[in-house]
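Scroll down for the structure; my scribbles are underneath it.
This chain uses plain numbering: 1 for the first residue, then up along the sequence.
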Amino acid sequence: MNKPVDQINFFDPEIISDPFDYYRAALAEGPIHRLPGGNMYLVLSYDLCAEATGRVEEFSNNFQAALSGALAQDPDVKAILDEGWPQVDTMLTADPPQHTRFRKLVNLAFSMKRVNAIEEDIRQVIIDRIEGFADAGECDFVRDFAIPLPVAMIAGQLGFDESEHGKIKRWSDAFVDRLGHMVSKERELECAREVVEFQHAVKAKIDERRDHPRDDLLSDLVHARVDDERPLDMAELLSVVQQLMVAGNETTTSALAGGLLQLIRNPDQMAKAVAAADAGDDKLIGNMVEEILRTESPTSGMWRVVLKDSELGGTAIPKGAMVQLRYAAANRDPAKYENPDAFDIERQNARTHLAFGRGIHMCVGNMLSRKEMAVAYKELLTRLTDFSVADEAAISWPPNMLLRGLTHLPIRFERRA
């Protein structure tokens, strides 16, 4: 770093795309940093990120305004969004007791039982994708595998057939771009149109499920009941489905691609992973998934709104401030992880990572993501070999305040005998 940390704009596109030098320098100076020119704080250390997730009375998840896009109140953008349903606080942007109701209802639908029930479906989608490019000896892993797999799985659970998978990705990208606050007004307008299209399409699916339930996640959400809680209304259902759609494919795509790149760049770890896949060592493959999540951290950070004058790690943080819990920095905190930048699939405490958050707001889709990744790597490593990057210049991470993932990963490989 050529400047002192307190003079660096963390949200500079070049920094946010490749933040690890910044994290190392900033953590060496302290666990919390106030950003220049504003009332925003970065929390970088593992212990303080973990602590803040539990202090919901002070560090609130009610940050809907920060998620709504940088130009959400622009008259042109607002006119488009008014053609749909309002964004309401459900899981990600709600605090207890409101959050508790939504989490109960969603947990009924998004259970480990449901994830286990679709494991063979996951495996078949994976095998079909691999067989589609195995003989070619090369592919863009993001385009040809890391995107289609999670999109197919979440699309099926939300009632969309294969012909509609492109829509799921397009809608998800729109929500992600709005979330990232780093796009042009032209793209904001396009994203607003995508949001409204998504809402009307899902509304039609919801109406169908009310009268004709199926064995899928959307039907479970529509008909979920807990004790005397009222069912989810339309705006709430659309909000929950939106969050599940984005969480169900964007972050898994990023972890799958980033994880394969880690394996390619660490051949000693690749060899261990191949041996584990061949031996059916699901425990080590599972631990590798956790190490990938730790080092890649697709959800790099998440907002919190400070509800009252607070203190965190000895730093006074005033009411009204915005806090960014930088999970990607916490997951490479040397106070928590020995040699934190090293990729080690045998790391003993890999699963302690914060890639899915922690506490009441831990990602509800974490079980599905872990399952998809474990099955995917096992099938990839037992069917293909000699992986390499085909074009280093094509590898890049677009800037986004909260999410981080590769857009392209061109690779070469051989089919295993």
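- In this structure the side chain of Glu58 never reaches within 4.5 angstrom of the side chain of Leu312, judged on heavy atoms.
- The shortest non-hydrogen separation linking Ser388 to Ile264 is CA-CG2, 4.1 Å.
- Minimum interatomic distance between Val56 and Leu307 (heavy atoms only, all atoms of both residues): O-CD1, 4.3 Å.
- The heavy-atom pair separating Tyr41 from Ile32 by the smallest distance is CD2-CG2, 4.1 Å.
- Taking the centre and axis of the six-membered ring of Phe20, the NZ or CZ atom of Arg332 falls inside the cone set by 45° and 6.0 Å.
- With rounding to the nearest 0.5 Å, the separation of CG in Leu263 from CG in Asp268 is 10.0 Å.
- Residue Thr53 holds its OG1 atom at 6.5 Å from OH of Tyr327, rounded to the nearest 0.5 Å.
- Going from atom CD of Glu372 over to atom CE of Met153 covers 6.5 Å, rounded to the nearest 0.5 Å.
- In this pair, Phe10 and Tyr22 present their aromatic rings tilted. The plane angle is within the 30 to 60° band.
- Checked for salt-bridge contact, Arg24 and Asp21 meet the test: a charged N lies under 4.0 Å from a carboxylate O.
- For the atom pair CG of Asp344 and CD of Gln262, the computed distance is 11.5 Å after rounding to the nearest 0.5 Å.
- Ionic pairing of Asp215 and Arg114 is present here: one or more N-O contacts between side-chain nitrogen and carboxylate oxygen are shorter than 4.0 angstrom.
- Relative ring orientation between His99 and His361 is described as tilted, the plane-to-plane angle lying within the 30° to 60° band.
- In this structure, Arg193 does not pair ionically with Glu190, as no charged nitrogen and carboxylate oxygen lie closer than 4.0 Å.
- Side-chain N or O atoms of Asp140 include one that pairs as donor or acceptor with a backbone N or O of Leu409 at under 3.5 Å.
- Remark: the Glu291 side chain and the Asn287 side chain contain no N/O donor-acceptor pair separated by less than 3.5 Å.
- If you take CG on Leu368 and CD1 on Ile154, they are separated by 6.0 Å, rounding to the nearest 0.5 Å.
- The existence of a salt bridge linking Asp47 and Lys336 is excluded, since no basic side-chain nitrogen approaches an acidic carboxylate oxygen closer than 4.0 Å.
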Requested in this report: For the pair Phe59 and Leu325, evaluate side-chain contact (heavy atoms from CB on, under 4.5 Å) and give the outcome as yes or no after the intermediate values.
Outcome: CA-CA 10 Å; Phe59 302 104; Leu325 305 181; over 6 Å; no
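- Counting non-hydrogen atoms of neighbouring residues, nucleotides and ligands closer than 6.0 angstrom, the CD atom of Glu29 exceeds 12 such neighbours.
- When all heavy atoms of Gln199 and Trp85 are compared, the closest pair comes out as OE1-N, 2.8 Å.
- Using a 4.5 Å cut-off on side-chain heavy atoms (C-beta onward), Leu27 and Ser45 make contact.
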Requested in this report: Before giving the answer on side-chain contact (heavy atoms from CB on, under 4.5 Å), spell out for Leu402 and Thr299 the whole-Å C-alpha distance, their side-chain angles and the decisive distance to 0.1 Å.
Outcome: CA-CA 6 Å; Leu402 301 186; Thr299 301; 5.5 Å; no
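- Considering only heavy atoms from C-beta on, Arg370 comes within 4.5 Å of Arg351 through its side chain.
- Pairing each heavy atom of Gly405 with each of Trp397, the nearest pair is C-CD1, 3.5 Å.
- Under a 4.0 Å N-O distance rule, the pair Glu120/Arg123 qualifies as a salt bridge.
- Although no hydrogens or angles enter the test, the distance criterion places a donor-acceptor pair under 3.5 Å between the side chain of Gln98 and the main chain of Asp89.
- Using a 4.0 Å cut-off between charged nitrogen and carboxylate oxygen, Arg415 and Glu131 count as a salt-bridge pair.
- Between Ile206 and Leu238 there is a side-chain heavy-atom pair separated by less than 4.5 Å.
- Side chain of Glu414 to backbone of Asp386: no donor-acceptor contact under 3.5 angstrom is found.
- A salt bridge is absent between Glu51 and Arg304; no separation between the charged side-chain nitrogens and carboxylate oxygens falls under 4.0 Å.
- Side chain of Ser17 to backbone of Pro13: a donor-acceptor contact under 3.5 angstrom is found.
- Few gaps surround CD on Glu119; more than 12 heavy atoms of other groups in view lie less than 6.0 Å from it.
- For an aromatic pair to be called close, the ring centres must be under 6.0 Å apart, and Phe141 with Phe387 fails this.
- No donor-acceptor distance shorter than 3.5 angstrom exists from the side chain of Arg143 to the backbone of His408, with no hydrogens or angles considered.
- Side-chain contact check for Met40 versus Phe11: some heavy-atom pair is nearer than 4.5 Å.
- Put simply, the side chain of Arg326 never gets that close to the backbone of Leu44: no donor and acceptor are under 3.5 Å apart.
- Between the side chain of Asp216 and the main chain of Leu158, no donor-acceptor pair closer than 3.5 Å is present.
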Requested in this report: Walk me through it: do Asn9 and Ile15 pass the test side-chain contact (heavy atoms from CB on, under 4.5 Å)?
Outcome: CA-CA 8 Å; Asn9 175 16; Ile15 297 290; over 6 Å; no
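- Between Val306 and Ser310, the closest heavy-atom pair is CG1-OG, 3.9 Å.
- The backbone N or O of Tyr337 lies less than 3.5 Å from no partner atom in the side chain of Tyr46, so there is not a single donor-acceptor pair.
- With contacts defined as side-chain heavy-atom distances shorter than 4.5 Å, the pair Arg416/Arg383 does not qualify.
- Between the side chain of Gln348 and the backbone N or O of Glu346 there is at least one donor-acceptor pair closer than 3.5 Å.
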Query raised in the report: So Arg214 and Ser219, side chain to side chain donor-acceptor pair (under 3.5 Å) or not? Walk me through it.
Result: CA-CA 6 Å; Arg214 300 185 192 178; Ser219 293; over 6 Å; no
**Report entry** side-chain contact (heavy atoms from CB on, under 4.5 Å) between Cys139 and Phe413, worked out
**Finding:** CA-CA 9 Å; Cys139 72; Phe413 47 81; 3.8 Å; yes
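- No salt bridge links Glu290 with Arg347; every basic N to acidic carboxylate O contact stays at or beyond 4.0 Å.
- Salt-bridge annotation for Glu250 and Lys169: present, with a side-chain N of the basic residue lying under 4.0 Å from a carboxylate O of the acidic one.
- Side-chain N or O atoms of Asp95 include one that pairs as donor or acceptor with a backbone N or O of Asn61 at under 3.5 Å.
- Rounding to the nearest 0.5 Å places CG of Asn62 at 14.5 Å from CH2 of Trp303.
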